[in-house]
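A short write-up of the structure that comes next.
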Amino acid sequence: MELKKAYEPNLTEDRIYKLWEKSGFFNPDKFKGKPFAIVMPPPNANDPLHIGHAVFVTLQDIMIRYHRMKGRKTLWIPGMDHAGFETQVVYEKKLEKQGRSRFEMTREQFYREVWDYTQKNRDVVRLQLKKLGASCDWSRETFTLDPAIIKTVYRTFKAMFDKRLIYRAERLVNYCTKHRTAFSELEIRHEERKDPLYYMKYGPITLATVRPETKFGDTAIAVHPKDARYRQYIGKELEVDALLGKRKIKIIADASVDPAFGTGAVKVTPAHDFNDFEIWMRHKNEIPGPLQVIGKDGKLTEKTGPYAGMKVLEARARVAEDMQAKGLIEKIDESYIHTVALCYKCGNVIEPMLLSQWFVRAEPLAKPAVSAVKSKQIRIIPSHQEKIFFHWMKNIRDWNISRQNWWGIAIPAWQCKQCSSWTVTEGKTPKSCAQCKNADLSRDPDVFDTWFSSGQWPFAILKFPNGKDFKTFYPTQVMETGYDILFFWVARMIMLGLFCTGKIPFETVYLHGLVRDKDRQKMSKSKGNVIDPLGVAETYGTDALRMALCVGNMPGQDIVISEDKIRGYRNFANKLWNVARFVLQNTQDLPKSSKPALGVKEKKMLKDFNAVAKKATALLDQFKFSHSAEILYHYLWHEFADKIIEESKPILQDRKKKSARQYALLLILQDSLRLLHPFMPFITEEIYQKLPLKSKKQTLMIEQWPA
RNA sequence: GGGCACUUGGCGCAGCGGUAGCGCGCUUCAUUCACAUUGAAGAGGUCACAGGUUCGAACCCUGUAGUGCCCACCA
C-alpha cells in the first residue's frame, strides 16, 4: 500500500507489460462479444521505431483498449514489413560502410544477409512496441515474407493475370540509374529546376530542347498540324547534320505539340521521353520506333560514337559544345524553368527507360474502390481526404509492379525461350510453357513492388480465404495510418481487398499527420531534431509520451511535439498518482464491503463524473481522441484534484460524514482509471492493482468501461 | 497547370450560427498540509482581409491575400 511520493514509470512499466502478456488477454480467442479488429501497419524491419510509429501505437492502442473494455472481441494484429526496396537501400548503405557491395555477392548471399538483418531488427522493434504499451496479440505476429503471405500474394498475382488485370508490356518507365530499378510514378519526386533550353538547328527547322544528348535517339520532328510555319514540311524527310554525319529525319504532325512553346517544333525521342513515346505510339506506321541511346547505367550507349560511355550530364555539355562549334545552336535560353523527376530516395534525376514490366490495370480496380467510399461503406477521417482520394483515383494510371531488386518477393512468372510467352503460377516452377509446351523457360528475375504485397495485407494476415481469423475479423473496423501513404497503401488495400475478397478491407480509415518539432520542422536525422520515442519514454514515461502524442493531434494534420509538451503530461501522470495516493491513504479505514449511503454532495459529484464519462466515451466513438483525452485530463486535475479533493479534506475528518465521502472518492478514482486506461495504460494499471476493491479483475485492461 | 487544406491571445491547438476556450509560456502571491512534476489569482485575442446571407457569423456564401501539402509526360 505504500506509494512513492512521485510516480516512477521505470519501476512499473516493464512489470506491468509482463502482467498483461501473462494474462493472455491480448489474444481475443477466449472473448465472446462482437469482433473489433485493427490490422497494425507493419513497421519496417530495417530500423528501430521513430516517433511516427509512436503516434500510430498510441492511437491504435487507445481504440483497442477502449473496445476491449467495452466488451468487444478485440484483435490488434501485429506484423512487420520486409520493406523491399527500402530495406535493400538501408542494407546496401551498411555494406558500403564496410567497403562491400552487393554486386560482389551472389543474389542468394545478399538475400540471406538481409534476411538475418531484418530478423534481428524484428526483435528490436517488437521490444519497442511493447515498451510503448501496444496491447497487440503477439501470438499472431506475422512477417510480410512468411510463406502463407507469399502464397496469398502469388495467388492474387495469378488471379489478376488470368483475368487480364495484370499484363506484361514494354513501356517507358521511371528508372533510377543509381538504384538500377524502375519505380511507379508515386515513387518519384518533382522538383523545379532552371536548365538551359537549347535551340538546335535541324536543317531548316529550329527546335528547342533541354536534352541535346538524346538527339541520337531522335526518330522524328513533330509540329502542330495547323502550324503554318511548318506545313510545307509535314510528311517530308529532311536531311540534317546529326553530329555523327548526315541523317534523314521525318517531319510529322501531332496535335500535342504546342505551337507557342519554343519554335513550335519538337524532336521526337521515343526511347527517352514520355511524351515522345506517346507521339510514336500515335505514328507507329510513319516513323521508326524507340532508339535507345542511354543505358541502364545512365551512360550513353555505343550508338553515340564518340559520346559513348559518357554520363548524361557530361554528354549534354559535350553535345551542346560540339553543335555550337558547328553553328548548329541558334541560341540558348539560360533562364528556362521546368520540373524534373527525381528518385524519391537518392534524388538523382529519373531516366525514362524502355523496359518490359508487369503492370496492373488500374481503372477496373479503382471503380469499385471509389464507390465503396462514395457509398460510405468506407469512411475516411478526416473527410476532406476523401476528395484527395477521389481525385487520385479518377486520374489513376496503370501500375508498374516490377522492381529490379534482390530483396523482395520474387515474381512467379516464367518466360518461354521459344515463343516468349509468359507462364504464371501460384509459386511452383512450371514444367513447360503454358502456350507452346516447350520446357525451356526462364524466370523473371524481378521482385514485386512492396506495395503490391502490402496492399493485400489486411486479408493476407487474417489468412484469406479459409482462415478462422478471416471469417471472424474481416472486414476489419479501422485502418489507422499516416495520410502520406493514402495512395501508396490505403488505396491499394481497398482496390486489392475488393478484388480478392469481394469485401472492403476496413470500415473506417483514420489518417494521422506527420510529426514535427516545435518549429514545425519535419523531423529528420540529418536535421538532428528527431525525438527518439523510446528515449523520451524512458525519461518521462510511456504514458506521458502517449498523452503528448494524443492531445492536440487532429486527423490529417501534422503533429507538433516537443519535450516541453511531454514533460507537461509527465506532470499529469504524477498528479494522477498523487490523487490516487491521497484517496488510498484516506480510505484505508473504509471496509471493503461497505456501501454507505451517499449525501447530496456525493451524489452531485458522481453525477458530474458520469457526465464527463459519457462525453469522453462519445468522443472516442467519434474518433476524437484528442478531445476525449483533454476532457479527462481537465476533469481529473481541475475538478477531482483541485476541487473535490480539496473540499473533501475537512469532511474526511468528520467521523459521521467521512465514509460516504470515502466511498465516493474511491468510486470516482476507480472509474477515472478505467476511462484513462486507453490513454495511459501503465500508470492506471499500476494504481488499479493497489485499489482495495471487493471484486477485482486480473487486470484493468479487461475491466468494464464505465459509460 | 490542376486539386486539397490552413490563417483564432507569445507558441501549439479547440470551437463550426447566439457576441471567444484549452494546454504551454507569462505576471503576482502562497508553500513543510496527496503532489513544487504544487496551489490561488491574473494579464493577454477588432477570430487574415473585403463583401454578402441572417434578428444575430470566428462559424454559412463569394472574392482577395498569405502559408502548407498533394497531383501533373510544358519539349
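Throughout, protein chains are lettered first and strands after them, A, B, ... in sequence-line order, and every chain is numbered starting at 1.
Counting any heavy atom pair closer than 4.0 Å across all strands shown, A:Ala641 reaches a base atom. Backbone-only engagement by A:Asp642 is indicated by non-hydrogen atom pairs under 4.0 Å involving sugar-phosphate atoms exclusively. Looking at heavy-atom distances under 4.0 Å, A:His272 makes no contact with the nucleic acid at all. Within 4.0 Å of A:Gln557, counting heavy atoms only, lie sugar-phosphate atoms of the nucleic acid but no base atom. Here A:Lys5 lies in heavy-atom contact (under 4.0 Å) with sugar-phosphate atoms only. Among the protein residues, A:Phe572 comes within range of no part of the nucleic acid, since none of its heavy atoms lies under 4.0 Å from any strand. No contact: A:Val551 has no heavy atom under 4.0 Å from any strand. Across all strands, A:Phe640 comes closer than 4.0 Å to no nucleic acid atom at all (heavy-atom distances). As judged by a 4.0 angstrom heavy-atom cut-off over every strand, A:Ile645 is placed among the base-contacting residues.
Donor-acceptor pairing under 3.5 Å is lacking for the side chains of A:Thr206 and A:Lys331.
Separation of the P atoms belonging to B:rG44 and B:rA20 is 15 Å when rounded to the nearest angstrom. The P atoms of B:rC11 and B:rC4 are separated by 29 Å, rounded to the nearest whole Å. Of the P atoms belonging to B:rA72 and B:rG12, the separation is 31 Å, rounded to the nearest Å. To the nearest whole angstrom, the two C1' atoms, one in B:rC26 and one in B:rG45, are 15 Å apart. Separating the P atom of B:rU54 from that of B:rC61 is a span of 16 Å, rounded to the nearest Å. Separation of the P atoms belonging to B:rC16 and B:rC60 is 10 Å when rounded to the nearest angstrom. Using atom C1' as the reference point in both B:rA50 and B:rG66, the two lie 15 Å apart (nearest Å). Taking the C1' atom of each, B:rA14 and B:rC24 are spaced 15 Å apart, rounded to whole Å.
Picking from B:rG23, B:rU38, B:rA14 the nucleotide with the shortest atom distance to the side chain of A:His627 gives B:rA14. Here B:rA72 is the nucleotide among B:rG23, B:rA72, B:rA34 with the atom lying nearest to any side-chain atom of A:Glu185. The A:Phe274 side chain lies nearest to B:rC73 when the options are B:rA34, B:rC73, B:rA72. For A:Lys649, the listed nucleotide lying nearest its side chain is B:rA34; candidates were B:rG39, B:rA34, B:rA5. With B:rU37, B:rC74, B:rA34 as the candidates, the nucleotide lying closest to the side chain of A:Asn571 is B:rU37. You'll find that the side chain of A:Arg397 is closest to B:rA72, out of B:rA72, B:rU37, B:rA34. Of the candidate nucleotides B:rC73, B:rC35, B:rC71, B:rC35 has the atom nearest to the side chain of A:Asn574. For A:Glu630, the listed nucleotide lying nearest its side chain is B:rC22; candidates were B:rC22, B:rC71, B:rC35. Side-chain atoms of A:Lys575 lie closest to B:rG39 of the nucleotides B:rG39, B:rA5, B:rG2.
Salt bridge status for A:Asp564 with A:Arg567: present, with a side-chain N to carboxylate O gap under 4.0 Å. Ionic pairing of A:Glu647 and A:Lys643 is not present here: no N-O contact between side-chain nitrogen and carboxylate oxygen is shorter than 4.0 angstrom. A salt bridge links A:Asp589 with A:Lys658: the distance from a Lys NZ or Arg NE/NH1/NH2 to an Asp or Glu carboxylate oxygen falls below 4.0 Å.
Whole-Å rounding puts the A:Asn395 CG to B:rC71 C1' distance at 8 Å. Atoms CZ (A:Phe487) and C1' (B:rC69) sit 11 Å apart, rounded to a whole Å. Atom CE of A:Met554 is separated from atom C1' of B:rC13 by 7 Å (rounded to the nearest Å). Rounded to an integer number of Å, the gap from A:His190 NE2 to B:rG1 P is 16 Å. When the C1' atom of B:rC70 is taken as reference, atom CG of A:Leu511 falls 13 Å away, rounded to whole Å. Per the geometry, CD1 belonging to A:Ile388 stands 13 Å off P belonging to B:rA72, to the nearest Å. If you measure from atom CG of A:Leu576 to atom P of B:rU38, you get 14 Å, rounded to the nearest angstrom. Spacing between atom NZ of A:Lys4 and atom P of B:rU37 amounts to 16 Å, rounded to whole angstrom units.
Nucleotide B:rG23 forms a pair with B:rC11, judged by Watson-Crick or G-U wobble geometry with both contacts under 3.5 Å. Using the Watson-Crick or G-U wobble rule with both distances under 3.5 Å, B:rA40 pairs with B:rU28. Base pairing of B:rC4 is made with B:rG68, judged by Watson-Crick or G-U wobble geometry with both donor-acceptor distances under 3.5 Å. Using Watson-Crick or G-U wobble geometry with both donor-acceptor distances under 3.5 Å, B:rG17 finds no partner in any strand shown. Partner assigned to B:rC47 is none, using Watson-Crick or G-U wobble distances below 3.5 angstrom. Under the Watson-Crick and G-U wobble criteria, each requiring two contacts below 3.5 Å, nucleotide B:rC33 is left unpaired.
Checked against a 6.0 Å centroid threshold, the rings of A:Phe572 and A:Phe679 do not count as neighbours.
Neither OP1 nor OP2 of B:rU38 sits under 4.0 Å from any side-chain N or O of A:Trp637. The shortest distance between the side-chain N/O atoms of A:His638 and the OP1/OP2 oxygens of B:rG23 is below 4.0 Å.
Among the candidates A:Tyr633, A:Trp637, A:Tyr7, the single residue satisfying the ring pair (Phe, Tyr, Trp, His ring centres under 6.0 Å) test with A:Tyr569 is A:Tyr633.
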Exercise for the section: Evaluate the criterion salt bridge (charged side-chain N to carboxylate O under 4.0 Å, His left out) for residue pair A:Glu386 and A:Lys376; output intermediate values, then yes/no. Expected result: CA-CA 10 Å; A:Glu386 289 181 356; A:Lys376 306 282 176 206; 3.7 Å; yes
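Residues A:Tyr483 and A:Leu514 approach most closely at CE2-N, 3.9 Å, considering heavy atoms. Closest non-hydrogen pair, A:Lys267 versus A:Leu207, comes out as N-CD2, 3.6 Å.
Across the interface with RNA chain B, nearest-nucleotide mapping of A:Tyr633 and A:Arg581 shows A:Tyr633 to be the residue nearer the 5′ end. The 5' end of RNA chain B is approached more closely, in terms of each residue's nearest nucleotide, by A:Val560 than by the other of A:Val560 and A:Glu8.
At least one test fails for A:Lys575 against the ring of A:Trp577: distance under 6.0 Å to the centre or angle within 45° of the axis.
Between the side chain of A:Glu646 and the base of B:rA34 there is at least one donor-acceptor pair of N/O atoms closer than 3.5 Å. Residue A:Lys387 places no side-chain atom within donor-acceptor reach of the base of B:rC4, judged by atom type and a 3.5 Å distance cut-off alone. Under 3.5 Å, the side chain of A:Lys624 and the base of B:rA14 form no donor-acceptor pair of N or O atoms.
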